[in-house]
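Worksheet: one structure, shown below.
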Amino acid sequence: MTNNKKRVQQVLGTLVAANAIVFLVLAYLQVFSSTPRAIVFIDFWGRLCVYSLWFTGYALYRKYLPGKSLLKSIIIFIVCLNIPVFLMLGYMNKLSPDLATLPFIDFWGRLTVYSLWFMAYEFYLSYVKDDNNETKAI
């Protein structure tokens, strides 16, 4: 990979991480307003953060953890465990939907949903997809 491409990757990775950190810090400090106009912006920004984190994380996962490995198995276990934990906490009314915690719950919920989709995609790649198809890597 050329130095130029590597720098672009580093800058983009830093922007994705910084964007998510800023969003979560502002949510923690309860800076966000509850007006309808602000909620649309917060929802958009939260989705952008979650999508960016997931796609970046998934790309790193696919690039640096090919095949079978202990670390890959641990990551898959944690991601899969997150799904029932989140749903059970919601079912048992342990997740408070007040304005102070709503951005975090929404953020966590989206991460959980995307976890399910990416695990389904990994399952598809491993056990269902025709091996002759050249579209294995994203």
Side-chain angles (χ1 to χ4, degrees):
M1 179 180 339
T2 66
N3 283 339
N4 225 9
K5 283 185 180 183
K6 194 169 198 163
R7 273 189 235 131
V8 169
Q9 278 185 331
Q10 290 170 341
V11 167
L12 291 176
T14 302
L15 287 174
V16 166
N19 185 47
I21 290 168
V22 168
F23 178 82
L24 292 171
V25 166
L26 291 175
Y28 178 75
L29 296 174
Q30 298 180 13
V31 173
F32 297 132
S33 169
S34 62
T35 65
R37 193 176 291 184
I39 289 174
V40 169
F41 173 75
I42 294 163
D43 186 58
F44 176 82
W45 191 10
R47 287 174 195 248
L48 177 66
C49 289
V50 172
Y51 292 151
S52 300
L53 285 175
W54 246 116
F55 284 112
T56 302
Y58 186 69
L60 292 171
Y61 168 87
R62 297 286 296 174
K63 181 176 182 178
Y64 294 110
L65 296 174
K68 306 277 185 205
S69 73
L70 179 61
L71 183 57
K72 190 172 187 175
S73 297
I74 291 170
I75 290 170
I76 290 170
F77 177 75
I78 290 170
V79 168
C80 288
L81 182 64
N82 176 55
I83 297 166
V85 167
F86 180 79
L87 292 173
M88 288 304 296
L89 288 173
Y91 181 76
M92 297 185 310
N93 290 325
K94 300 295 181 187
L95 302 175
S96 173
D98 63 15
L99 187 59
T101 58
L102 193 57
F104 297 105
I105 294 169
D106 186 59
F107 194 89
W108 185 15
R110 290 180 196 283
L111 283 175
T112 302
V113 168
Y114 304 143
S115 298
L116 178 61
W117 279 107
F118 279 101
M119 289 296 99
Y121 182 65
E122 281 295 305
F123 178 82
Y124 169 79
L125 289 178
S126 296
Y127 302 106
V128 178
K129 185 181 104 7
D130 180 13
D131 288 335
N132 295 328
N133 194 339
E134 294 293 326
T135 62
K136 184 167 183 163
I138 289 183

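Worth knowing before you read on, the calculation uses all heavy atoms, side chains too, and leaves out hydrogens, waters and symmetry mates.
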Classify the ring geometry between [X] and [Y] as parallel (under 30°), tilted (30 to 60°) or perpendicular (over 60°).
| X | Y | answer |
| --- | --- | --- |
| Phe55 | Tyr51 | tilted |
| Tyr61 | Tyr58 | parallel |
| Trp108 | Phe86 | perpendicular |

Verify same cluster id: [X], [Y] (apolar side-chain graph, 4.5 Å):
| X | Y | answer |
| --- | --- | --- |
| Val85 | Ile76 | no |
| Leu89 | Ile83 | yes |
| Val113 | Phe107 | yes |
| Trp117 | Val50 | yes |
| Tyr127 | Tyr124 | yes |

So which heavy atom on [X] is nearest to which on [Y], and how close?
| X | Y | value |
| --- | --- | --- |
| Ala27 | Pro103 | CB-CB, 3.7 Å |
| Ile39 | Ser34 | CD1-O, 3.3 Å |
| Ser115 | Val79 | CB-CG1, 3.3 Å |
| Asn19 | Cys49 | ND2-SG, 3.3 Å |

Nearest-0.5 Å distance, [atom1] of residue [X] to [atom2] of residue [Y]:
| X | Y | atom1 | atom2 | result |
| --- | --- | --- | --- | --- |
| Glu122 | Lys72 | CD | NZ | 5.5 Å |
| Leu48 | Leu53 | CG | CG | 9.0 Å |
| Phe118 | Tyr121 | CZ | OH | 9.0 Å |
| Ile105 | Lys94 | CD1 | NZ | 13.0 Å |
| Phe123 | Met119 | CZ | CE | 12.0 Å |
| Ile21 | Tyr28 | CD1 | OH | 15.5 Å |

Under the side-chain contact (heavy atoms from CB on, under 4.5 Å) rule, what do Phe23 and Ile42 come out as? Steps first, then yes or no, please.
CA-CA 9 Å; Phe23 178 82; Ile42 294 163; 4.1 Å; yes
Would a distance-only check, ignoring hydrogens and angles, find a side-chain to backbone donor-acceptor pair under 3.5 Å from Ser52 to Val16?
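The answer is no, because no donor-acceptor pair under 3.5 Å joins these two groups.
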With side chain to side chain contact (heavy atoms under 4.5 Å, CB included) as the test, pick out the partner of Ile78 among Ile75, Asn82, Ile74, Leu81.
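Among the candidates, only Ile74 passes.
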Check the pair Asp43 / Asp106 against side-chain contact (heavy atoms from CB on, under 4.5 Å), numbers first and verdict last.
CA-CA 9 Å; Asp43 186 58; Asp106 186 59; 4.0 Å; yes
